[in-house]
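Take a look at the structure below.
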Amino acid sequence: MSQPKSMPSTPARARTEAALVGLALAVLSVTAAQPANAQKGPTLKEIQAQLESDDPATIQAGLESAGLLGSPKVIPVLAERVRLGLRPDLLRTAVDTLGVIGHPSAGPILFELVLHRRADVRQLAVGAVVVTNPPGTEGVLLTALGDDDPQVRDAAAEGLGTIGAKHAVKTLFLALDRGVVAAAPSIAQLGAAGDIEQLLRYLGKVPFVSMAPALTHALARTELPQATRLTIVTRLEELATPETRAFLETFAQSNSGGAANEATRRAARAAAERIVH
Amino acid sequence: MKHRILSFGSKFSAATALLGLAACGGGASGALSPTFPDNRADDLASVEARLAAAPAHPGTSVAVLTSARPAHLVAFDTASGTRLWEKQPADIRGAALVTPTLVITHEGDDVVGRALQTGDERFRLDTDQMSVIGADGDADSTAIALSTGGGIGARSRLLIVRGGSIAKDQIVDHALGVPAVQAGMVFLPWDNQNVSVLDAADAHEIARVRLTDEVVSAARASGSRMYIGGTSVLAFGAALSAGKREAAVHFTPSTGPLPGEPRFLPDSYRPPPPLGGAQHSVRLEWRPEPGTNAVALSDGNLYLVYYKTVFALDHGERKATWARLTDTDIVGAQAVPGGLLIGEQSGRVSLLDARTGETVWSKSVGRTAQAISFNAQTAMGSAGAAKAADGSTTDALAAVAQSLDVRLAPAQALAVDLLGGLSDEAVAGHLITLCENRRLPKGVRAQACKSLAERATGTDEIIFALTRHASFLEGSTAPPAGALGLAAAKAKLKDALPLLIAHLKDPHTPSDELPALMMALAQFKDRSAAAPIRDFVRMYHADDWEADLVKALVLGVDAMRALLGPAARDALEEFAANPLGMSEVRNEATKELAKLDTKSAATPSKNEGTAADNAEPSQGAPAPSQTR
């Protein structure tokens with residue numbers, strides 16, 4: 001099972017983690033009910049049999065077992081079952097399971113589900129695509145960025161940042177112009193110095209609460225020129241609102257970027273002090 | 001000099017006297033005598049000869065605007081563009097009637113005649129609770145008909161005005177229609193079937209027509225000729241002696257249903273429309289003229305007015321010559337040689353060119369109107385004076401179809417229907433725009449999609465539209481894939497098939513497009529569509545969906561059987577046997593399996609070649625493999 005990348009928590013990541021907890025609890029309840037000498041993981045064959053059942057509860061159990069098994073070998077079985085049609089609750093479990101397994105071989109079925117007619121399924125599928133990151137993910141997420149459902153767009157915008165899609169910055173700016181504020185943090189994660197300066201022009205146009213995560217990302221990137229990070233501080237000082245003061249104070253007190261960012265944190269502390277209450 | 005109505009007793013006596021005179025024998029001089037012979041060819045021929053010898057109906061260039069709120073009566077000379085006079089009548093009811101010498105109005109309980117050029121009151125009479133049905137005149141005489149209307153018990157009054165004063169005032173126990181005056185004769189419809197010809201000098205009846213297959217409600221002078229009719233228009237002449245429309249020179253429009261269902265000629269046996277009534281703005285206008293073996297329409301046009309829209313229908317059929325939108329509601333119109341006079345609520349009077357609908361001239365009276373009346377008989381402007389049309393008939397109909405005025409929905413639907421009848425390549429593009437505009441009234445949009453689906457031209461437009469998908473970022477919307485698909489299938493546009501499959505897979509294709517899209521995919525009879533259809537049905541058949549998607553899934557099952565024939569059996573059995581799938585799909589799959597069983601029982605398989613022959617489609621990719 002491939003490990004998801006280490007990154008700040010995003011809603012998509014949070015949902016996948018929640019699914020993992022849910023599956024774990026389900027498995028614990030099942031194993032607790034079994035005699036100790038009978039406790040062993042489900043086999044692929046058993047999972048297949050469960051998924052082929054006509055009983056929704058058995059199918060649910062099969063999906064949970066597939067997550068417990070965690071092996072990429074179960075993905076073709078899962079994909080086949082999804083393609084044969086599942087009612088919405090089971091389908092959502094199936095998508096979560098594919099995300100929990102997290103193997104790129106789930107790409108084809110997840111890409112199909114990114115085009116499902118139910119928006120909630122598309123949203124879950126986008127999250128699972130980000131976690132599994134199969135070849136072609138960037139293109140799928142860019143398409144999903146144009147979805148008519150705002151939550152699907154948000155998931156796609158976040159996902160592009162998560163997978164490090166540097167070529168997506170221009171499209172993310174387009175999305176931000178169209179009101180997809182979730183694009184801002186990804187721009188901050190991916191953009192070059194010029195992109196960060198372009199992003200700063202949205203200060204005052206996009207609610208600060210939506211810009212703050214993006215600024216946090218940008219300030220933490222010590223690979224960006226210091227001048228760029230200091231420009232962020234300067235722009236926030238120019239805004240001089242209680243929110244920007246609080247943000248600068250928080251950043252100044254953090255260890256964001258480690259020792260390499262000490263100068264930026266000092267500048268932030270000084271800027272916060274100059275903002276009058 | 002003013003006249004006052006006789007008392008009821010006097011009227012009764014007068015009517016009795018008239019009847020008594022009529023009872024004296026054939027050819028009685030009283031009007032509408034029950035014994036006057038009808039349909040006498042010699043009488044009618046004599047009238048026809050008198051018409052032919054007389055000068056053409058004079059008409060007038062004066063238009064009269066009527067309004068009750070605010071109350072005004074305004075005479076406007078369209079030739080000079082000047083207001084001739086204005087009055088503020090109390091309690092004016094109904095539109096003014098215009099004759100070459102007089103303006104006739106119903107004001108309160110009176111019928112009032114004013115001089116056309118000056119507005120000076122010439123007479124005022126009590127209507128005795130009758131409505132003013134119609135009026136017309138020539139240079140010497142004016143005939144005015146009043147009536148209670150209705151059938152049994154109807155009572156009417158005929159006034160003939162000569163030299164500015166009432167020359168004849170006769171009460172009759174019949175319902176009168178709209179009269180016309182030409183060559184010193186009054187043509188008077190009455191009691192639905194009859195038209196009496198009276199000498200205007202003394203109201204002496206000189207000829208009578210009685211029709212058995214046409215309701216006659218109005219007479220109309222045009223040029224030197226006279227026409228009568230109701231749902232058709234008949235040329236007045238000796239041929240009417242047969243007493244049948246079919247034996248006479250006539251014209252009957254074949255437009256099909258029109259918005260507001262206006263009558264070809266007004267139903268004068270019903271009360272005239274009040275000021276502000278819809279009939280002033282929903283009407284048919286036309287001008288008859290002699291044709292070969294039939295009455296022809298001047299300039300080949302039947303004009304439909306519907307509030308702010310005008311349609312010129314080609315030779316009275318359901319084909320558009322042109323269409324126009326005006327700024328305000330049209331409250332009066334008249335067809336004249338070379339065009340259509342219209343009068344708008346704003347007080348603007350215009351002449352539209354008969355060929356193009358473009359404005360030849362337009363003048364403002366400076367007063368608003370609830371009705372505008374004309375009695376023009378000659379060309380009112382130079383035929384070549386209209387500025388060149390800015391756009392085509394196609395563009396004009398599309399503009400009407402896209403109007404934002406909700407009252408115009410029936411006219412919009414007609415515009416779309418007429419648009420669909422045009423062969424112009426640009427029509428497809430307009431129909432696509434209309435079909436995908438979900439802000440249009442439902443019926444209008446449905447008509448546009450229907451016309452688009454039935455169209456086999458404009459293939460470039462169809463393909464171009466199908467390449468578009470909805471995208472939030474690009475600001476693009478989904479095209480009407482269902483109607484486009486049906487049009488593509490009708491045109492056998494193979495290039496459209498992969499585009500349609502892409503729309504089937506697109507989650508942003510609206511559900512209400514999916515049934516038609518599925519039908520279109522089946523109509524291509526290409527097996528390459530079978531796998532995407534199967535995948536679609538599989539993915540969604542175990543869910544709970546709105547009616548359109550359910551219908552699409554059911555059609556998808558049908559399509560699979562139609563495309564694959566016996567090769568669809570495995571997939572159909574899968575759907576039929578799945579207890580987690582929706583019942584509609586299970587049931588349809590079961591029915592389709594039964595069809596396969598019936599067909600195979602009727603045509604026993606001899607060898608593989610025969611089984612392949614049983615498959616309905618004849619082209620495309622091989623059947624997809626069944627994986628369950």
Side-chain angles (χ1 to χ4, degrees), chain A residues 48 51-60 76-77 79-92 94 109 111-123 125 142-150 152-154 156-157 168 170-180 183, chain B residues 468-478 501-514 517 531-532 534-546 548-550 552-553 556-557 570-571 573-586 589 624-628:
Chain A
Q48 189 160 6
L51 293 177
E52 287 176 2
S53 168
D54 292 338
D55 173 45
T58 308
I59 297 172
Q60 175 76 18
V77 176
E80 164 73 5
R81 189 60 192 90
V82 167
R83 290 190 177 107
L84 289 174
L86 284 171
R87 67 185 203 197
D89 58 332
L90 296 176
L91 185 55
R92 285 192 286 269
I109 185 60
F111 289 173
E112 287 177 40
L113 291 172
V114 171
L115 296 177
H116 196 274
R117 292 191 70 85
R118 286 200 178 277
D120 58 340
V121 172
R122 294 199 300 276
Q123 182 191 347
L142 283 170
T143 301
L145 199 54
D147 198 283
D148 67 356
D149 183 87
V152 175
R153 292 195 294 269
D154 285 351
K170 191 173 172 188
T171 309
L172 284 165
F173 268 118
L174 176 60
L176 185 58
D177 285 335
R178 297 297 304 270
V180 184
Chain B
R468 173 164 43 97
H469 286 257
S471 169
F472 176 81
L473 291 188
E474 292 171 20
S476 58
T477 54
I501 291 171
H503 281 287
L504 182 66
K505 294 177 180 177
D506 187 338
H508 304 112
T509 298
S511 299
D512 59 5
E513 296 289 345
L514 292 173
L517 179 53
R534 180 207 62 197
D535 293 345
F536 181 89
V537 176
R538 272 181 166 174
M539 179 63 77
Y540 297 118
H541 80 293
D543 201 334
D544 211 3
W545 293 107
E546 65 275 21
D548 284 320
L549 186 39
V550 173
L553 292 169
V557 171
D570 286 350
E573 285 175 350
E574 171 196 317
F575 296 137
N578 183 6
L580 299 179
M582 61 175 67
S583 60
E584 291 90 340
V585 170
R586 282 205 306 277
S625 59
Q626 305 301 311
T627 56
R628 191 173 192 189

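Each chain gets a letter, A, B and so on, in the order its sequence line appears, and its residues count up from 1. The figures that follow rest on heavy atoms only: side chains count, while hydrogens, waters and symmetry mates do not.
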Counting only non-hydrogen atoms closer than 4.5 Å, does A:L113 touch chain B with its backbone (N, CA, C, O), its side chain (CB onward), both, or neither? side chain

Student check: side-chain heavy atoms of B:H508 and A:D149 closer than 4.5 Å: no

Evaluate whether atom CG of A:D89 has more than 12 neighbouring non-hydrogen atoms of other residues, nucleotides or ligands under 6.0 angstrom away. yes

Quick one: CG on A:D55 to CG on B:L580, what's the gap to the nearest 0.5 Å? 8.5 Å

Could you check which of A:R83, A:R153, A:R122 has the highest count of heavy-atom pairs closer than 4.5 Å to chain B? A:R153

Rounded to the nearest 0.5 Å, what separates atom CG in A:D148 from atom OG1 in B:T477? 11.5 Å

With rounding to the nearest 0.5 angstrom, report the CZ to CH2 distance, A:R118 to B:W545. 4.5 Å

Note, B:T509 side chain near A:R117 side chain (heavy atom, < 4.5 Å): yes

Taken to the nearest 0.5 Å, the spacing of A:L86 CG from B:R538 CZ works out to 12.5 Å

Which region of A:L115, side chain (C-beta onward) or backbone (N, CA, C, O), has a non-hydrogen atom less than 4.5 Å from a non-hydrogen atom of chain B, or is it both or neither? both

Comparing A:D147, A:L91, A:T143 against chain B, the one with the most heavy-atom pairs below 4.5 Å turns out to be A:D147

Excluding sequence neighbours, so at least two apart, what forms side chain to side chain donor-acceptor pair (under 3.5 Å) with B:H503? none

Check: A:L84 and B:E574 side chains under 4.5 Å, non-hydrogen atoms: yes

Across all chains, not counting sequence neighbours, the side chain to side chain donor-acceptor pair (under 3.5 Å) partners of B:S476 are none

